[in-house]
Amino acid sequence: MARRDLSGAVDFAVLERITGGDDAVSEEVLGLFAQQAAMWSPMLDVREDGWRDGVHTIRGAAAGIGAGPLAEACAAAEAADKAEAPPLLDRVRDALDVALADVAAYRHELMLRGLRGS
């Protein structure tokens with residue numbers, strides 16, 4: 001996977017503005033995003049007491065890296081009643097998967113740049 005594989009689910013210009021274009025900082029932020037996703041995604045189920053906390057945390061992490069569609073899906077799920085939430089949580093999981101694929105492609109590109117020393 002490389003940058004050419006990006007779907008557009010993440011606007012990495014947002015990340016680059018936040019990190020000042022520093023590849024090492026970008027890698028660290030994206031690594032933290034991936035960790036947050038792994039930690040909180042099991043909570044994306046209304047049978048979990050903390051499902052709303054999981055959505056809220058992922059929403060903030062998504063906004064921080066420029067994953068607008070994921071942040072929007074999280075906002076909708078977070079605002080929903082428990083009875084309305086299951087299909088919205090499905091949308092969050094789907095958006096998270098796409099965002100994580102973009103993050104993996106971008107991180108791969110960062111790794112390649114680091115190997116080239118550019």
Side-chain angles (χ1 to χ4, degrees):
M1 214 178 253
R3 194 170 208 174
R4 68 182 175 275
D5 299 314
L6 296 177
S7 72
V10 180
D11 178 358
F12 289 102
V14 172
L15 174 71
E16 291 167 0
R17 277 192 303 275
I18 291 169
T19 65
D22 185 312
D23 287 353
V25 176
S26 293
E27 168 58 30
E28 184 175 350
V29 169
L30 293 174
L32 290 170
F33 174 79
Q35 288 175 355
Q36 288 285 313
M39 185 182 336
W40 290 96
S41 61
M43 301 295 289
L44 300 177
D45 186 321
V46 293
R47 294 173 291 191
E48 296 291 336
D49 288 336
W51 69 269
R52 204 177 300 272
D53 293 332
V55 171
H56 179 78
T57 301
I58 292 170
R59 177 184 176 191
I65 65 164
L70 174 56
E72 291 168 12
C74 287
E78 188 176 5
D81 293 330
K82 186 175 181 177
E84 300 168 340
L88 297 173
L89 291 172
D90 287 342
R91 288 185 22 213
V92 169
R93 282 190 293 276
D94 291 344
L96 180 58
D97 288 345
V98 175
L100 285 170
D102 272 16
V103 165
Y106 193 86
R107 290 178 81 189
H108 179 79
E109 183 67 27
L110 290 175
M111 182 205 59
L112 291 175
R113 274 194 267 179
L115 290 174
R116 288 187 222 120
S118 51

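Residue numbers run from 1 in the order of the sequence given.
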Kindly compute the distance separating [atom1] ([X]) from [atom2] ([Y]), expressed to the nearest 0.5 Å.
X	Y	atom1	atom2	answer
Arg93	Ile58	CZ	CD1	10.0 Å
Ser7	Asp97	OG	CG	11.0 Å
Glu16	Asp11	CD	CG	8.5 Å

Of all the heavy-atom pairs spanning [X] and [Y], show the shortest one and how long it is.
X	Y	result
Lys82	Pro86	O-CD, 3.3 Å
Ala77	Trp51	O-CZ3, 3.5 Å
Ala71	Ala63	CB-N, 4.2 Å
Ala9	Pro69	O-CD, 3.4 Å
Leu100	Ala34	CD2-CA, 4.2 Å
Gly54	Trp40	CA-CE3, 3.3 Å

Short side-chain to backbone donor-acceptor contact, [X] and [Y], under 3.5 Å:
X	Y	answer
Asp102	Gly8	yes
Asp45	Arg47	yes
Arg59	Ala73	no

Under a single-linkage definition using a 4.5 Å side-chain heavy-atom cutoff for Ile, Leu, Val, Met, Phe, Trp and Tyr, are [X] and [Y] assigned to the same hydrophobic cluster?
X	Y	value
Leu32	Val103	no
Phe12	Val98	no
Leu110	Ile18	no

(request) Before accepting this row, confirm whether a basic side-chain N of the pair Asp94/Arg91 lies closer than 4.0 Å to the acidic partner's carboxylate O. (result) no
(message) More than 12 heavy atoms of other residues, nucleotides or ligands under 6.0 Å from CD of Glu28: yes or no?
(response) no
Heavy atoms, side chains only, cut-off 4.5 Å: are [X] and [Y] in contact?
X	Y	result
Ile65	Val14	no
Val10	Tyr106	no
Leu88	Val55	no
Asp53	Met43	no
Val29	Leu15	yes

(message) If the test is side chain to side chain contact (heavy atoms under 4.5 Å, CB included), which one of Met111, Arg113, Arg107 qualifies with Glu109?
(response) Arg113
